[in-house]
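Here is the structure we will look at.
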Amino acid sequence: MLSTTHIRDNKKQVLEGLAKRNFKDAEKTIDSVLDTDERKRAAQTALDQVLAESNKLSKEIGIMFKSGEVQKANILKEKTSQLKEKSKELSELKMQMETELNELLYQIPNIPHPLVPAGSSEEDNEVVFEHGEIPTLNENALPHWELGKKYDIIDFDLGNKITGAGFPVYKGKGAKLQRALIAYFLDKNTEAGYTEVQPPLVINEASGYGTGQLPDKEGQMYHIGADDLYLIPTAEVPVTNFYRDTLLKEDDFPICNTAYTPCFRREAGSYGSHVRGLNRLHQFDKVEIVRIEHPENSYAALDSMVEHVKGILNELGLPYRILRLCGGDLGFTSALTYDFEVYSTAQSRWLEISSVSNFETFQANRLKLRFKNKTGKSQLAHTLNGSSLALPRVLAGLLENCQTEKGIVIPEVLRPYTGFEVIN
RNA sequence: GGAGAAAUGGCAGAGUGGUCGAAUGCACUGGUCUUGAAAACCAGCGAGGGUCACACCUCCGGGGGUUCGAAUCCCUCUUUCUCCGCCA
């Protein structure tokens, strides 16, 4: 959520940013934010004055009672009763303004970084880096869902039976490969200075608001009605919310966490061939990296996260590219996002396997995540996160690109984790 | 699941209806002293809103209520602790 003071002080820049995102009615929305904010503050000021008067009188009444001037006190009591009614009205007005203001602010996405290219769809994303050679596979190369069946390592039908579509069962070497990838990713992240954490897999409503899943993306999360909790769509949510309502010191930075969790997404409205196999699931595994940074360092941190993910993909030997997302494809809460895509040779398409973003103060504002700066004032921190990495599509790319006539050859770096070299 | 107790500033911990945003100690920051450090002493030290700056307003787990006035009384929710039950 953007802060009203930021909007007030940088109106022009905000409008330009929203234009880059093709945000409709930007001017109208921003104007009504500013107007509502002004009315909110007017109500606040009026309320404060009434309360000040009432506090003063109450103190006087106290003194009168002590000195026995009961009659005089009773006259003042009348007066404060009136003030009380007035304050009730004003505080209702103020709350109403606050609600209206928040509803407006919840609709406004983050302002894109200047590097974000203009554009309306994924076609306008900018390819900033490519690496690795696309392997030439033999003629009867298979997509991963066929490979999963052939080697009996991924069972979509079994998952279908016990739960439903989008919940595969990993078996044998497939299950072990999953575990190997998780352990490998966590080790790489830990080596790079991230502290491993294990968060809960369900979150409460406040956490959903903190990172921006609520109120707008409610339908994307699984909701547990009886306890009013949500299954996490990504480790970003619980881990970033560790720092909700927190006042940090400058030397607490940087805060670097990594977490493996399953992720649960309803993916309402997704269908068709691009969701086939592991391409899009309701439950999948992901290792996430989350950072809390000083605003001055957040873009250096973003770059270092990108370099880190690159390092892992280089080691795995998968062909990949990095995209800078355009305004139209950028996530609601992000200011700048780099997507990593692995090339799936058997499907002849790119698969997104990581998304690394700087949210600047957008999440921190809702989270009330601040730090005390050098001048002693509290200031919003910057939050960042990225996948490092998401399993199913890495697995898909790996199965498809590493298939040979003898079977699927496991990349060398994973062999200490799997304990086997080939799936056949 | 049942019974009881509790929740106060970074931490510990006073405060049971009025001048309490809150004693005291520790921690922290600045200063004096010291070759330096420690100790001692002096001063400062919660957050949010508001203001050029003051004033002023809000916050003692969350929400609601009683009262002219609530950290303090009442209701409710959450969490923690103790006991009982159940279970890994």
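Below, read A as the first sequence line, B as the second, and so on, with proteins coming before strands; counting in each chain starts at 1.
- Across all strands shown, nothing is found opposite A37(B) as a Watson-Crick or G-U wobble partner with both distances under 3.5 Å.
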Before you tell me yes or no, could you show the steps for R291(A) and S304(A) under side-chain hydrogen bond (donor to acceptor under 3.5 Å, both in side chains), namely the whole-Å CA-CA distance, both residues' side-chain angles and the distance that decides it to 0.1 Å? CA-CA 11 Å; R291(A) 291 174 74 139; S304(A) 90; 3.1 Å; yes

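- Among residue pairs with one or both ends in residues 48-65 of chain A, those qualifying as side-chain hydrogen bond (donor to acceptor under 3.5 Å, both in side chains) are Q44(A)-D48(A); sequence neighbours excluded.
- With RNA chain B read from its 5' end, the first of the two nearest nucleotides for K59(A) and L51(A) is the one closest to K59(A).
- In this structure, A23(B) makes no Watson-Crick or G-U wobble pair, since no nucleotide meets both defining distances under 3.5 angstrom.
- A side-chain hydrogen bond (donor to acceptor under 3.5 Å, both in side chains) check over residues 76-97 of chain A, counting only residues at least two apart or in different chains, returns the pairs Q96(A)-E100(A).
- With C1' as the reference atom, G49(B) and C42(B) are 34 Å apart, rounded to whole Å.
- Among residues at least two apart or in separate chains, side-chain hydrogen bond (donor to acceptor under 3.5 Å, both in side chains) pairs with a member in residues 410-424 of chain A are D187(A)-Y417(A).
- Only the P atoms considered, C41(B) is 11 Å distant from G25(B), to the nearest whole Å.
- Comparing G65(B) with U72(B), their C1' atoms are spaced 15 Å from each other, to the whole Å.
- Between C56(B), G48(B), G50(B), one nucleotide has an atom nearer to the side chain of A52(A) than all others, and that is C56(B).
- C59(B) atom P lies 11 Å from atom CD of Q44(A), rounded to whole Å.
- Under the Watson-Crick or G-U wobble criterion, with both distances below 3.5 Å, U82(B) is paired with A3(B).
- For the P atom pair drawn from G10(B) and G2(B), the interatomic distance equals 35 Å after rounding to whole Å.
- The pair K161(A)-D157(A) does not count as a salt bridge, with every side-chain nitrogen at least 4.0 angstrom from each carboxylate oxygen.
- The interatomic distance linking D245(A) (CG) with U78(B) (P) rounds to 19 Å, in whole Å.
- The phosphate of C57(B) has OP1 or OP2 within less than 4.0 Å of a side-chain N or O from N55(A).
- Taking atom C1' on both nucleotides, C60(B) is separated from G21(B) by 9 Å, rounded to a whole Å.
- As a whole-Å value, the separation of I63(A) CD1 from G18(B) P is 13 Å.
- Candidate nucleotides G48(B), C68(B), U51(B) were compared by shortest atom distance to the side chain of K77(A), and C68(B) ranks first.
- For D303(A) and K310(A), the salt-bridge test fails: no basic side-chain N is under 4.0 Å from an acidic carboxylate O.
- Residue-environment remark: CD (E122(A)) stays at or below the threshold of 12 foreign heavy atoms within 6.0 Å.
- Against RNA chain B, the stretch residues 80-92 of chain A makes heavy-atom approaches under 4.0 Å through T80(A), K84(A).
- Taking atom C1' in both A14(B) and U51(B), one finds a spacing of 35 Å when rounded to whole Å.
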Counting only pairs under 3.5 Å, give me each side-chain donor-acceptor contact of residues 247-258 of chain A, with atom names and distances, residues two or more places apart or in other chains.
| from | atom 1 | to | atom 2 | distance (Å) |
| --- | --- | --- | --- | --- |
| E250(A) | OE2 | K374(A) | N | 3.2 |
| D252(A) | OD2 | K249(A) | N | 2.7 |
| N257(A) | ND2 | Y243(A) | OH | 2.7 |
| T258(A) | OG1 | N189(A) | ND2 | 3.0 |
| T258(A) | OG1 | E288(A) | O | 2.9 |

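- Between N74(A) atom CG and G69(B) atom C1' the separation is 14 Å, expressed in whole Å.
- The separation of A71(B) from U58(B), taken at their P atoms, amounts to 10 Å, rounded to a whole angstrom.
- With a cut-off of 3.5 Å on both pairing distances, G9(B) has no Watson-Crick or G-U wobble partner at all.
- Across all strands shown, C54(B) forms no Watson-Crick or G-U wobble pair with both key distances under 3.5 Å.
- Under the Watson-Crick or G-U wobble criterion, with both distances below 3.5 Å, G17(B) is left unpaired in every strand shown.
- The side-chain hydrogen bond (donor to acceptor under 3.5 Å, both in side chains) contacts involving residues 166-185 of chain A comprise D152(A)-K171(A), D155(A)-K171(A), Q178(A)-D285(A), Y184(A)-E315(A), where partners must be two or more places apart or lie in separate chains.
- The separation of G36(B) from G31(B), taken at their P atoms, amounts to 13 Å, rounded to a whole angstrom.
- Applying the Watson-Crick and G-U wobble criteria (two distances, each under 3.5 Å), A43(B) pairs with U29(B).
- The CD atom of E98(A) sits 12 Å away from the C1' atom of G48(B) (whole-angstrom rounding).
- K56(A) has its NZ atom 16 Å from the P atom of A55(B), to the nearest Å.
- Between the CG atom of D251(A) and the P atom of C28(B) there is a distance of 13 Å, rounded to whole Å.
- Nearest-nucleotide positions on RNA chain B place R370(A) closer to the 5' end than the other of R370(A) and K377(A).
- Using Watson-Crick or G-U wobble geometry with both donor-acceptor distances under 3.5 Å, C73(B) finds its partner in G65(B).
- Rounded to whole Å, the distance from CG on D48(A) to C1' on C56(B) is 7 Å.
- Listed pair N204(A) / U78(B) fails the phosphate criterion, with no side-chain N or O lying under 4.0 Å from OP1 or OP2.
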